[in-house]
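Working notes, beginning with the structure itself.
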Amino acid sequence: MTVNETNQHTAEAREPARTPEPPTQAPSPRPGLTVRDALRAERRNDRWVAAAWAVMMLAGFAMPYVLAAYPLQLAVQGTTMGLLAMSIGWLMRQTGRMSFGHAAFYGITAYATANLANHTGLSPLAAVGLGVLMGAGAAVVVALLTVRTPGISFAMLTLAIGMLIWVWAGQTPSVSGGFNGLNVTFEGDFLGRPAAKLINPVNAWPLAWIALMAGMALLWCLSRSRFGRRLTAIRENKERTTFSGHRTYPALVLAFVLSGLMAALAGAVSVLTTSFVSTDSLYWSTSGMALIVAVIGGIGSVMGPPAGAMAFIALQASLSASSHYQVVLGAVLIIVVVIAPGGAAELVKRTARTGARYLGADRHA
Amino acid sequence: MLELKGLTFAYGAVKAVNEVDLHVERGHVHGLIGPNGAGKSTCVDLISGRRRATSGRILFRGDDITSRTVIWRRHAGISRSFQRISVYPQLSVADQLDLAAEIVGEPDVDEIVAALRLGETLRRRCGEISYGEQRRVDIALALLGHPELVLLDEPAAGLSHAESLSLAEHLAALVRQRQTTVVLVEHHLEVVYRVCQRLTVMEQGRVIASGEPQDVRTQPRVIEAYLGSAA
């Protein structure tokens, strides 16, 4: 405290001593709005979002009747990348942590499924189930090691762990097929259909679409739950969250594992729908590209990253004759970061708000 | 309720808190005053577990809690607010009160909402409400779960004179109603004299006076160190 400040308080200090007295004003009466009312009001629009999701889910099943085989194949690829982008984007939104290691969970699941299907005689469903468990198990280990580390250190740690796994896979051709990749032979049915036929996009689409929509629904519900809000609280102010009595480490580990589970699901869909896996799936650029499309789509919404992934796959296909798509992708990324840091999802929200204002003004004119 | 015995905290060679002894009675609002750098906020940090004491002991309800974690202390009934407002800007006021209430088992969040007049702000994001309202949210978060001991670190900082007095009155009523013990660090002396039953004055990490406010404020050492020669 400065001398001047001290002097300011001196005047107050000169006042006669007062023993504690009852407040002149009683606590205000209970407000009309309670905390529970406020929370209920905040979630009033949730039923409309759920209804829109259900309509979109049903509409998605019509894709094989609308699209030809090649665009449908691209759409299947889009769902795989969308799941991976969603897993990375959700983790970033909920915890503020940017992972460059999610390709590891994607690749581990794909490789585990492939090896189990090729060598053990397990049914495709069992191979996929165990593969996803192994991918999620890897996420548990990485989570326990990394989530305490904030910011850029976390990004670097996940990158380093991902690259270790990539190098190991490259040097272990008996497991990974080396840098040539691994073809998978599925024998038997997967959910009532011959698994080997899932390479046909018409057969693969319903599976890929259900996986994407289920993942989206799960992450959306988690974001709206108390757990999701607790993660937001940890991201915003970890110290206050601790002083409120919450343990932050288990919550961060669980968030990372759930996010890793989504990446594992993406790996399972990928291997089922392509019957092939290569070490590229473990490389850091797989995570990096998923992160870029998540940012372009908008990590503020669960739907943003899959939308970004679909747009990316379409762009890549339309410019596939040259490497121009990377230039265009770079330009789009710059534009999005400058104009709408919240991505396409934010642009859609802004446009909708402007439209609603315009329509409202028009009605009152 | 709370006892500090020879509590010391050193940054290298500098002792921010030096052999502090303090006794806080149950149900009292105990003021901790002194010039900047006196070690008041460091004391609050040590009691709340934000910092670990270099030496000395902290006794809470007779138990030694010196090495306990922040979370243990919060669940044992020690809570705090911060000198710099510590809330969640992106969460609505209702969301953050609900989250904090859930873990500490607050049965009546709305009582605190009413007492601190936060009803109008419940649906708004904390980053969008006024500074004074954010300050009250910070205090509300500290009061949730009926903590036995609340440490308030400059709750009136940044508030106008009228806001400070209003906050003091509502706070005093609430802690009396909930029978909460409070350690109050505050520079606004009118607030201190209004709500505190006991006062401790610190200077350069040491306690220089302690007792009833009317006795402490007349001590020459306190006047010289903090209140000013004209007091």
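Convention: sequence-line order gives letters A, B, ...; per-chain numbering from 1. The shown structure was predicted, so the numbers you read here are calculated from the model rather than taken from an experiment.
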Worksheet item: Does A:S301 use its side chain to pair, donor to acceptor, with the backbone of A:M303 at less than 3.5 Å?
Response: yes
Item to complete: Without swapping roles, check the side chain of B:Q197 against the backbone of B:V29 for a donor-acceptor pair under 3.5 Å.
Response: yes
Can you tell me which portion of [X] sits under 4.5 Å from chain A's heavy atoms? Options are side chain, backbone, both or neither.
X	result
B:S48	both
B:D138	both
B:V93	neither

Worksheet item: Looking at B:H188 versus B:Y193, is the centre-to-centre ring distance below 6.0 Å?
Response: no
Worksheet item: So which of A:E239, A:R235, A:R230, A:E236 has the biggest tally of heavy-atom pairs under 4.5 Å with chain B?
Response: A:E236
Practice prompt. Select one option (side chain, backbone, both, neither) describing which atoms of A:R40 are under 4.5 Å from chain B's heavy atoms.
Written response: neither
Practice prompt. Check each atom of A:R247 against the heavy atoms of chain B and say whether the ones under 4.5 Å are side chain, backbone, both or neither.
Written response: both
Fill in: Most chain A-contacting option - heavy-atom pairs closer than 4.5 Å, from B:Q90, B:R73, B:Q96
B:Q90
Discussion item. Can you tell me which of B:A94, B:A100, B:G49 forms the most heavy-atom pairs within a distance under 4.5 Å of chain A?
Written reply: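 Top count of heavy-atom pairs under 4.5 Å with chain A: B:A94.
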Practice prompt. Find out whether A:R93 and A:V302 are in side-chain contact, i.e. whether some heavy atom of one side chain is under 4.5 Å from a heavy atom of the other.
Written response: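 A side-chain contact under 4.5 Å exists here.
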Worksheet item: Looking at side-chain heavy atoms only, is the closest gap between B:L184 and B:C196 below 4.5 Å?
Response: yes
Discussion item. Could you check whether B:D98 pairs with A:R229 (Lys NZ or Arg NE/NH1/NH2 to Asp/Glu carboxylate O, under 4.0 Å)?
Written reply: yes
